[in-house]
Amino acid sequence: MDDRIQKIVTELPGMTSVTDVWKTADRSLAGGKPAFLASLGIALTEAYGSGAVRGWQYDSVLGHLLRSLAVTPGPGNVAEALRLAASVEAADRKVSRRIASMLASCHPAEELTVAFTGKAPEELRACLVHELVLRGVAVMEVPAIAAWAGSPHWRRHPLRWLPWTLSDVEGEPDMPGYSVHGGSHSLPYGPTGSRQATAGSRSTPPRAEETTTRAVATRIGSAVANWAEESNGTVEARVFELARPMDVGSVPVLLPGLGLACLATKGKKKASLSTTACPPDHAWAVLFAAASTGGAYNSGGYGAYGRLAAWHSLAALAGAAEDSTAEEAEARVRACGWYSFDARTEWFEGVAWDVGLAALSPDGLRLAVLAATDTD
């Protein structure tokens with residue numbers, strides 16, 4: 001082991017600042033020695049990657065090493081990022097998702113073929129394929145990726161459900177950008193387009209009977225589950241069967257009478273509700289952002305799993321069968337009527353992470369609602 005690496009490993013737990021370690025790594029990378037960063041990360045993971053000895057110093061240094069290798073141009077850096085990721089994956093299952101997102105954002109596809117021809121975690125490969133798809137890469141035209149994608153050993157992987165190209169609903173997703181200093185992404189939450197207030201309508205909504213099951217609620221909430229599990233989020237997912245068919249324009253009239261927790265107010269005061277008719281493209285974009293980038297205090301599932309979770313939520317809102325193919329799910333989604341909504345209630349935090357979506361089935365007899373909120 002390099003003497004510098006041994007010294008850092010030994011002294012790391014007692015450090016009050018890891019800036020000097022970062023600088024050492026940066027000099028090595030600038031000097032064309034990415035292997036030093038990977039070897040340091042592997043040594044640190046072996047020493048501190050699990051158990052009670054893991055501390056903030058380890059997390060900070062390892063994060064810097066992984067990010068530096070993943071975002072810095074050059075095929076040698078990609079190879080060393082993969083070597084380090086393979087070592088870290090056993091201690092951190094999400095590392096493959098994170099590294100795949102950064103690699104796809106910062107390197108051309110031809111530099112990333114080493115992930116499919118050399119040694120790399122299978123999970124990272126699966127994530128990397130769909131991170132590239134999300135960025136518009138024709139992955140099946142890249143021989144190394146196409147050969148791996150056609151292999152039988154990963155056919156039962158959950159990401160295998162996703163198609164190799166973007167659908168019309170997905171369009172051109174807004175993807176995060178990365179640098180050695182961090183990342184950035186948009187927050188596309190809240191209604192868009194022409195807003196419609198519901199207070200003055202005189203339409204009589206049909207009787208609605210709730211038919212929500214735990215399984216369906218879980219599936220509808222797939223995209224925002226990370227807000228509740230890893231941050232301060234609250235989620236409401238409900239399904240209603242209507243006594244008579246309803247046209248999509250009547251959704252704003254029906255919402256206030258469903259007994260939704262997100263629209264509840266104290267006393268006789270009515271919720272200040274705003275609704276917006278929207279295309280399914282907008283609903284998918286909101287769900288994808290929530291699933292892939294997370295809420296106030298977490299990072300979400302990144303692109304590949306964010307894409308999958310967004311489709312799980314969208315398909316369940318639309319009432320698609322759980323065993324639908326991606327093509328069948330998209331057809332059902334496009335046949336539904338969609339609304340986004342928000343309200344000034346105590347339930348919605350009103351900070352930056354608020355989601356309100358409603359989907360009316362093609363026959364007008366089923367209405368599904370998803371609301372989510374998070375705060376820092």
Side-chain angles (χ1 to χ4, degrees), residues 169 189-224 234-287 290 313-321 329 332-348 350 354-373:
V169 170
Y189 307 122
T192 183
S194 177
R195 293 162 67 91
Q196 175 181 345
T198 62
S201 177
R202 296 182 180 180
S203 301
T204 302
R207 180 176 56 83
E209 178 181 352
E210 183 164 11
T211 58
T212 312
T213 64
R214 179 174 295 183
V216 170
T218 298
R219 194 164 176 81
I220 289 175
S222 296
V224 290
T234 303
V235 177
E236 182 175 20
R238 309 273 290 277
V239 180
F240 301 89
E241 182 179 338
L242 309 180
R244 55 180 170 80
M246 183 177 70
D247 64 84
V248 68
S250 300
V251 170
V253 181
L254 183 61
L255 284 174
L258 295 177
L260 297 171
C262 64
L263 301 183
T265 58
K266 292 183 178 180
K268 297 182 179 180
K269 183 181 178 181
K270 293 184 177 181
S272 177
L273 172 66
S274 296
T275 59
T276 308
C278 67
D281 314 40
H282 171 71
W284 186 87
V286 168
L287 293 169
S313 287
L314 201 68
L317 281 165
R332 174 73 180 192
V333 164
R334 296 190 71 83
C336 290
W338 293 87
Y339 267 90
S340 60
F341 67 89
D342 66 349
R344 295 179 181 176
T345 65
E346 293 185 1
W347 194 92
F348 282 109
D354 290 327
V355 171
L357 294 171
L360 182 67
S361 62
D363 62 9
L365 291 172
R366 177 186 183 273
L367 183 70
V369 178
L370 173 63
T373 188

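Fair warning: this is a prediction, and the values are worked out from it, not measured in the lab.
More than 12 heavy-atom neighbours from other residues, nucleotides or ligands sit within 6.0 angstrom of CD on E210.
I220 places none of its side-chain heavy atoms less than 4.5 Å from the side chain of T212. With contacts defined as side-chain heavy-atom distances shorter than 4.5 Å, the pair L260/F240 qualifies. Annotation: side chain of L273 is in contact with side chain of F341 (closest heavy-atom distance under 4.5 Å).
With R332 contributing its side chain and A318 its backbone, the two residues share a donor-acceptor pair below 3.5 Å. Proximity of a side-chain donor or acceptor of R366 to a complementary backbone N or O of L317 within less than 3.5 Å is detected. Between the side chain of S274 and the backbone N or O of D342, no donor-acceptor pair lies under 3.5 Å. Of the possible polar contacts, none joining the S340 side chain to the L357 backbone as a donor-acceptor pair under 3.5 Å is found. Looking only at distances, a side-chain donor or acceptor of T345 sits under 3.5 Å from a matching main-chain atom of C262. The backbone N or O of A223 sits less than 3.5 Å from a side-chain atom of S313, completing a donor-acceptor pair.
Contact record, D354 with F348: OD1-CD2, 3.7 Å, taken as the closest heavy-atom pair. Nearest heavy-atom pair across A237 and A217 is CB-O, 3.6 Å.
Atom-to-atom distance recorded for T265:OG1 and R344:CZ is 14.0 Å, nearest 0.5 angstrom. Taken from OG1 in T213 to CZ in R219, the straight-line distance is 11.5 Å, to the nearest 0.5 Å. Taking CH2 from W338 and OG1 from T276, the interatomic distance works out to 15.0 Å, rounded to the nearest 0.5 Å. Rounding to the nearest 0.5 angstrom, the gap separating the CZ atom in R207 from the CG atom in L254 is 12.0 Å. Here the CG-CG distance, from L258 to L263, works out to 8.0 Å after rounding to the nearest 0.5 Å. To the nearest 0.5 Å, atoms CD (E209) and CG (L242) are separated by 10.5 Å.
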What verdict does the side chain to side chain contact (heavy atoms under 4.5 Å, CB included) test give for V216 and T211, after you've listed the backbone C-alpha separation in whole Å, the side-chain angles of each residue and the deciding distance to 0.1 Å? CA-CA 9 Å; V216 170; T211 58; over 6 Å; no
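The side-chain contact (heavy atoms from CB on, under 4.5 Å) test with M246 is passed by exactly one of L365, V253, V251: V251.
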